[in-house]
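Notes for the one structure printed next.
Since the structure is predicted, the reported quantities are computational estimates derived from the model, not experimental observations.
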Amino acid sequence: MTSLDDQAKAILRGNDKGGYTLPTHGLYPYQWNWDSAFAAWGFSTFDNARAWDELDTLMASQWDDGMVPHIIFHQPDPGYFPGPDVWQTGQSPATSGITQPPVAASMARRIWDSDRDAGQTRIAALYPKLLKWHRWWHEARCTHGPAAITHPWESGRDNCPDWDIGMVNVDGSGAGEYTRRDTGHVNPEMRPTKEDYDRYIAIVKYGVSVGWNPEKIVAEGPFLMADPGITFILLRAHDDLAAIGRELGEDVSEIEGWANALRASLPLIWNDALGAYDARDLRTGAFANVLGSGAFLAYLAGAGNPQLDKQLMRAWDKVTYGIPSADPEAPIFNPRKYWRGPTWPVVNALIAIGLEDSGHHDLMERLRAETAALIRKHGFYEYFDPIDATPCGGADFTWTAAIWLTWAGQDPQPVTEKGAA
Ligand code: GLC
């Protein structure tokens, strides 16, 4: 039997469309933003040049204002909805009109660190584009302090309960008639409901109706919420981008300013009643009042604290495999439903970086062992039931293969000085 390393490499090669990688065949037939950054990280373990190509292809579709779209529709595929005809962004190649978690700078730093010489010219070419994307985040989406999203799909944690209080205010009646494709690829019970989908499409139609004008969407659009997940990912990515810039001899004071402002805004997403970071509706100020995996990304940005540690252990100890995407003790918890309870290997990998960097080496190793157990049992699925390990969503998934090669499939490491508890 081929080793899991070889299987993971074969998945990356098999999903490679030449310069960009599909998340999985069928369900997700295009290039997705944060999936691509993870794919690049995975490729860097055995094909460094291909890793940089992936990031180049992603950033080549950056909009003039700096936004990097969440999907790039390189080739038409009738198996996916909503396609380019629904988004109508007028870009070439066609793209969606929203973005996704900005992990690219953090992944670029890791890829560069894995081979400094090979990456020198590649990172230098990428840097101005990453800088422009981060500036867009700061100017267009951090106007309220924490990072705001205008569609649940921007969060990457598409259907998580964090967005419920914002979604109830979205009028889905304007969605019109359409045929979903996702439910033809995977078990419909694991996917969002028709009511949710109508609202997702209604927000897209609003974007089209205002010509994807970013200020108008933030000021008047149907949905605007502060996302703790993106806030922490962006904060970490600002730090990583600044580190890259310093090594390249650039003046990084602008990036440091963005990072300082974002860090100063963290109290706005700390929900005292919940005892954790929480999503917040920026139209009403209301907290979502749900503990989710977005809160645990705080470790990635060095924003952990003893109260969050307690919440982490409480939620994690209720399940067997990995960190659940929603609180197992909350009424909304569903261990197989999209982002409403299951564990995502790729989110575990990000939280693990945070745990290690904030001195929780043993917890990082526990998370690695649990994530590896899921993949050893069932293969490279999109996500898993954290209680009984049932594999869910798409198979042969790019980011699961990538994080196996970079993290989950690695042997346990002795405590490093930085990671010492
Ligand atoms: C789903 C996920 C999103 C991911 C995409 C492709 O929409 O929620 O995070 O980027 O699939 O894998």
Taking Arg263 first and then Asp239, would you say they form a salt bridge - that is, a charged N and a carboxylate O separated by under 4.0 Å? yes
Parallel, tilted or perpendicular: rings of Tyr80 and Trp32 (30°, 60°): perpendicular
Any side-chain heavy-atom pair from Pro152 and Ile203 closer than 4.5 angstrom? yes
Salt bridge flag under 4.0 Å for residues Lys194 and Asp198: yes
A cation-pi test, strictly: NZ or CZ of Arg116 under 6.0 Å from the centre of the six-membered ring of Trp112 and no more than 45 degrees from its axis. Yes or no? yes
Are Asp182 and Arg180 ion-paired here, with the side-chain N under 4.0 Å from a carboxylate O? yes
Enumerate donor-acceptor pairs with a distance under 3.5 Å from any side-chain N or O in residues 401-410 to protein atoms, sequence neighbours excluded.
unit_1: Trp404; atom_1: NE1; unit_2: Asp5; atom_2: OD1; d: 2.8
unit_1: Thr406; atom_1: OG1; unit_2: Ala402; atom_2: O; d: 2.9
unit_1: Gln410; atom_1: NE2; unit_2: Leu405; atom_2: O; d: 2.9

For Asn187, I'd like to know if atom CG has over 12 heavy atoms of other residues, nucleotides or ligands within 6.0 Å. yes
So which pairs with a foot in residues 267-293 pass ring-ring contact (aromatic ring centres under 6.0 Å, His included), sequence neighbours left out? Phe232-Tyr277, Trp270-Tyr277
For Tyr338, does the six-membered ring have the charged nitrogen or CZ of Arg191 within the cation-pi criterion, i.e. under 6.0 angstrom from the centroid and within 45° of the normal? yes
Step by step, work out the side chain to side chain donor-acceptor pair (under 3.5 Å) result for Trp63 and Thr95. CA-CA 9 Å; Trp63 286 19; Thr95 72; 3.1 Å; yes
Hey, does the side chain of Gln75 reach the backbone of Phe73 with a donor-acceptor pair shorter than 3.5 angstrom? no
State the CG-CG distance between Asp240 and Leu234, to the nearest 0.5 angstrom. 11.0 Å
Aromatic plane relationship, Phe43 with Phe46 - under 30° parallel, 30 to 60° tilted, over 60° perpendicular: tilted
Could you tell me whether Arg236 and Asp357 have a side-chain N and a carboxylate O separated by less than 4.0 Å? yes
Whether over 12 other heavy atoms sit under 6.0 Å from Glu329 CD: yes
The reported gap from NE2 in His151 to CD1 in Ile201 (rounded to nearest 0.5 angstrom) is 6.5 Å
Short question: side chain of Thr2, backbone of Gln7 - any donor-acceptor pair under 3.5 Å? no
Nearest-0.5 Å distance that lies between atom OG1 in Thr343 and atom CD1 in Ile387: 11.0 Å
Could you go step by step and tell me if Gln91 and Ser61 meet the side chain to side chain donor-acceptor pair (under 3.5 Å) rule? CA-CA 8 Å; Gln91 301 285 317; Ser61 281; over 6 Å; no
Side-chain ion pair, Arg109 and Glu247, N-O less than 4.0 Å: no
In terms of side-chain geometry, is the basic nitrogen of Glu195 or Arg199 positioned less than 4.0 Å from the acidic oxygen of its partner? no
OH (Tyr381) with more than 12 external heavy atoms under 6.0 Å: no
Does a donor on one side chain sit under 3.5 Å from an acceptor on the other, for Thr371 and Asn348? yes
With rounding to the nearest 0.5 angstrom, report the CZ to OG1 distance, Arg141 to Thr150. 4.0 Å
Nearest 0.5 Å please: distance from the CZ atom of Arg280 over to the CG atom of Asn289. 10.5 Å
Backbone N or O of Pro69 within a donor-acceptor pair of the Asn33 side chain at under 3.5 Å? yes
What do the steps show when you test Arg110 against Ser44 for side chain to side chain donor-acceptor pair (under 3.5 Å), and what is the final call? CA-CA 9 Å; Arg110 286 173 177 266; Ser44 72; over 6 Å; no
Taking every non-hydrogen atom, the tightest pair across Thr231 and Pro146: OG1-CB, 3.7 Å
Flag the pair Asp164 and Arg340 as a salt bridge only when some basic side-chain nitrogen lies within less than 4.0 angstrom of an acidic carboxylate oxygen. yes
Check ion pair Glu356-Arg368 (N to O, under 4.0 angstrom): no
For residues 292-327, which residue pairs pass the ring-ring contact (aromatic ring centres under 6.0 Å, His included) check, not counting sequence neighbours? Tyr299-His360
Give a yes or no on whether the backbone of Gly302 and the side-chain of Ser358 come within a donor-acceptor separation of less than 3.5 Å. no
Please check: side-chain N/O of Trp163 versus main-chain N/O of Arg157, any donor-acceptor pairing under 3.5 Å? yes
Check ion pair Asp388-Lys377 (N to O, under 4.0 angstrom): no
In plain terms, say whether Lys318 and Asp327 are close enough for a salt bridge, that is, a side-chain N and a carboxylate O under 4.0 Å apart. no
For the backbone of Ala37 and the side chain of Glu54, can you confirm whether one donor and one acceptor N or O come within less than 3.5 Å of each other? no
Report the C-alpha distance between Arg122 and Asp53 in whole Å, list the side-chain angles of each, state the deciding distance to 0.1 Å, and finish with yes or no for salt bridge (Lys or Arg N to Asp or Glu O under 4.0 Å). CA-CA 9 Å; Arg122 309 296 302 259; Asp53 292 347; 2.7 Å; yes
Spacing of Leu126 atom CG and Ile244 atom CD1 [to the nearest 0.5 Å]: 8.0 Å
So, are Lys9 and Asp47 salt-bridged, with charged N and O less than 4.0 Å apart? no
Are the side chain of Ser96 and the backbone of Ile71 linked by a donor-acceptor contact shorter than 3.5 Å? yes
Check whether Thr24 reaches the backbone of Ala395 with its side chain - one donor and one acceptor, N or O, closer than 3.5 Å. yes
Using only atom types and a distance under 3.5 Å, with no angle test, would you say the side chain of Gln100 pairs donor to acceptor with the backbone of Trp34? yes
Decide yes or no on side chain to side chain donor-acceptor pair (under 3.5 Å) for Tyr28 and Asn15, but give the supporting numbers first. CA-CA 10 Å; Tyr28 299 122; Asn15 291 342; over 6 Å; no
Trace of the side-chain contact (heavy atoms from CB on, under 4.5 Å) decision for Trp344 with Trp339: CA-CA 8 Å; Trp344 259 259; Trp339 295 104; 3.4 Å; yes
For the pair Glu154 (side chain) and Thr99 (backbone), establish whether a donor and an acceptor sit closer than 3.5 Å, ignoring hydrogens and angles. yes
